[in-house]
Amino acid sequence: MSAPSAIAPAAAQRPVYARMALLGLGLIGSSMAWAARRGGLVGEIAGHARSAATRERARELGFCDRVCDSPAEAVAGADLVVLCVPVGAIEAVMAEIAPHLAPGATLSDVGSVKAELIAAVRPHLPEGVHFVPGHPLAGTEHSGPDAGFAELFEKRFCILTPGDEVPEDAIARLAALWEGMGSHVERMTPEHHDLVLAVTSHVPHAIAYTMVGVADDLARVSDSEVIRYSAAGFRDFTRIAASDPTMWRDVFLNNREAVLDILGRFSEELMMVRRAIRTGDGDWLHAYFTRTRAIRRGILEAGQDTDAPDFGRLGRPGPKR
Ligand SMILES: NC(=O)C1=CN([C@@H]2O[C@H](COP(=O)(O)OP(=O)(O)OC[C@H]3O[C@@H](n4cnc5c(N)ncnc54)[C@H](O)[C@@H]3O)[C@@H](O)[C@H]2O)C=CC1
Ligand SMILES: O=C(O)C(=O)Cc1ccc(O)cc1
């Protein structure tokens with residue numbers, strides 16, 4: 001597994017792309033459109049969403065120059081195509097657009113999982129189209145076209161996981177777009193990405209979903225008490241557990257190996273904490289919590305040094321345009 005490396009973006013020439021096509025106009029697609037428009041990063045934005053209601057809402061909100069009724073129409077003539085749909089929908093969308101992609105175009109995505117997504121795209125990839133998979137580490141628990149806002153990617157990492165065959169200028173150009181939207185761009189292998197994200201995002205989401213499920217199962221604690229007495233920690237869990245069910249189902253089914261590995265380690269640690277509580281081993285608990293506190297401080301110090309994001313606050317309170 002290779003360590004992440006920073007990407008030097010191409011000289012900030014604007015617009016970076018003449019025509020960007022967005023397939024999927026939810027939180028991430030609409031935020032990309034707002035951010036790219038604000039920065040003058042693309043000449044024209046064409047968008048497509050599967051449902052007529054989403055297309056209609058996107059037209060009302062006005063973040064695309066054109067909202068197309070078919071994916072083929074949206075990608076025609078685009079020099080950048082970004083797949084902004086749930087990971088489980090990527091292959092079907094890719095199969096549909098493949099014959100319509102322009103030679104020399106860059107194809108990217110924003111999926112939270114990389115290795116299996118890449119394996120689903122590759123068989124459909126036409127000769128001469130440069131595939132640069134991407135993942136902005138920025139989001140909220142909200143979804144749909146109304147949820148997007150231009151500042152979503154500011155001071156957040158965006159990880160690119162291109163294969164060795166992709167020309168460096170195609171990678172640098174996509175990096176320039178993300179930098180223009182305020183992100184700090186890094187490059188990793190897909191497998192490394194999936195392991196890092198299993199630890200930092202996927203398993204924490206699984207734990208939040210489970211903890212809220214536990215509270216829900218406790219008949220002794222009524223719904224109103226759960227809401228009324230929610231302390232900050234549980235409140236954070238409920239925010240995360242309100243995330244889109246389709247998206248998260250797809251994340252877990254497509255990053256199975258890394259998630260199961262980290263969940264196994266989590267269960268082992270939890271058993272150790274449980275044992276220390278049962279046996280009254282205060283010294284062990286104190287030492288353990290001292291170690292975890294140091295990790296939090298390390299993240300915050302890294303944030304101060306490098307202007308990296310505070311990973312405790314990946315989301316933002318609400319749309320701000
Ligand atoms: N929500 C978040 O916080 C983040 C999400 N991501 C990734 O971004 C991608 C999109 O997520 P969001 O924008 O949050 O989702 P969303 O639910 O807000 O939007 C998804 C869009 O895809 C369309 N879509 C859904 N199923 C489809 C299908 N079967 N065929 C064609 N189109 C379909 C929907 O109509 C909608 O326009 C996902 O792959 C997710 O893993 C990445 C970073 C953060
Ligand atoms: O809202 C939060 O706390 C998040 O963690 C957002 C998020 C969700 C999925 C991703 O792949 C990246 C970021």
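The neighbour count for Arg235 CZ, taken as heavy atoms of other residues, nucleotides or ligands under 6.0 Å away, does not exceed 12. For Arg38, the CZ atom counts as densely surrounded, since its 6.0 Å shell holds more than 12 non-hydrogen atoms of other residues, nucleotides or ligands.
Linking Ile, Leu, Val, Met, Phe, Trp and Tyr residues whenever their side-chain heavy atoms come within less than 4.5 Å places Val85 and Ile118 in a single cluster. Under the 4.5 Å side-chain heavy-atom criterion for ILVMFWY residues, no single connected hydrophobic cluster contains both Phe266 and Trp284. A single hydrophobic cluster is seen to contain both Val212 and Val214, as judged by linkage of ILVMFWY side chains at heavy-atom distances under 4.5 Å, directly or through other members. Tyr209 is connected to Leu270 through a chain of hydrophobic side-chain contacts under 4.5 Å among Ile, Leu, Val, Met, Phe, Trp and Tyr, so both are in one cluster. Criterion: ILVMFWY side-chain heavy atoms under 4.5 Å apart, direct or through other members. Under it, Val16 and Leu160 are part of a common hydrophobic cluster.
Side-chain N or O atoms of Ser31 include none that pairs as donor or acceptor with a backbone N or O of Ala150 at under 3.5 Å. Listed for the Thr279 side chain is a donor-acceptor partner under 3.5 Å among the backbone atoms of Arg275. In this structure, Lys155 contributes its side chain and Ser183 its backbone to no donor-acceptor pair below 3.5 Å. A donor-acceptor pair under 3.5 Å links the side-chain atoms of Thr140 to the main chain of His142, judged by distance alone. In terms of modelled atom types and a separation under 3.5 Å, the side chain of Arg19 and the main chain of Ala46 share no donor-acceptor contact.
Using a 4.5 Å heavy-atom threshold, the side chains of Leu195 and His192 count as separate. Side-chain contact between His202 and Val113 is present, with heavy atoms from C-beta onward closer than 4.5 Å. Contact of the Asn254 side chain with the Asp194 side chain is not registered, since no non-hydrogen atoms from C-beta on lie closer than 4.5 Å. Looking only at side-chain heavy atoms (C-beta outward), Ile97 and Leu83 come within less than 4.5 Å of each other. Side-chain contact check for Met247 versus Ser143: every heavy-atom pair is 4.5 Å or farther apart. Using a 4.5 Å heavy-atom threshold, the side chains of Val121 and Leu107 count as touching. A 4.5 Å side-chain heavy-atom check between Leu174 and Leu177 finds at least one atom pair inside the cut-off. Counting heavy atoms from C-beta on, the side chains of His48 and Arg55 come closer than 4.5 Å.
Considering every non-hydrogen atom in both Ala170 and Thr106, the closest pair reads CB-OG1, 4.1 Å. Smallest separation of non-hydrogen atoms from Val273 and Tyr288: CG2-CE2, 3.9 Å. Contact record, Val259 with Val203: O-CG2, 3.8 Å, taken as the closest heavy-atom pair. When all heavy atoms of Gly180 and Leu41 are compared, the closest pair comes out as C-CD1, 3.5 Å. Between Ile171 and Arg187, the shortest heavy-atom distance links the atoms CD1-NH2, 3.5 Å. Pairing each heavy atom of Pro133 with each of Asp109, the nearest pair is CA-OD1, 3.2 Å.
Atom-to-atom distance recorded for Ser30:OG and Arg57:CZ is 10.5 Å, nearest 0.5 angstrom. Within the model, atoms CZ of Phe63 and CE of Met32 stand 12.5 Å from one another, a figure rounded to the nearest 0.5 Å. Here the NE2 atom belonging to His135 is positioned 5.0 Å from the NE2 atom belonging to His193, to the nearest 0.5 angstrom. Here Glu141 contributes atom CD and Arg239 contributes atom CZ; the two are 4.5 Å apart, rounded to the nearest 0.5 Å. To the nearest 0.5 Å, atoms CG (Leu285) and CD1 (Ile277) are separated by 5.5 Å. A distance of 10.5 Å separates NE2 of His205 from OG1 of Thr200, quoted to the nearest 0.5 Å.
Under the 4.0 Å criterion applied to side-chain N and carboxylate O atoms, Arg59 and Glu56 are assigned as salt-bridge partners.
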Show your working on side-chain contact (heavy atoms from CB on, under 4.5 Å) between Ile28 and Leu152 and close with a plain yes or no. CA-CA 9 Å; Ile28 302 296; Leu152 179 64; 3.9 Å; yes
Evaluate the criterion side-chain contact (heavy atoms from CB on, under 4.5 Å) for residue pair Tyr17 and Val81; output intermediate values, then yes/no. CA-CA 10 Å; Tyr17 292 96; Val81 173; over 6 Å; no
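Applying the salt bridge (Lys or Arg N to Asp or Glu O under 4.0 Å) rule to pairs touching residues 74-83 yields Asp79-Arg173, sequence neighbours excluded.
Among residues two or more places apart in sequence or in another chain, the salt bridge (Lys or Arg N to Asp or Glu O under 4.0 Å) test is passed with Asp65 by Arg37. For Cys64, the side chain to side chain contact (heavy atoms under 4.5 Å, CB included) partners are Leu25, Ile45, Val67, not counting sequence neighbours.
Between Trp248 and Phe252, the ring planes are tilted. Angles from 30° to 60° get that label.
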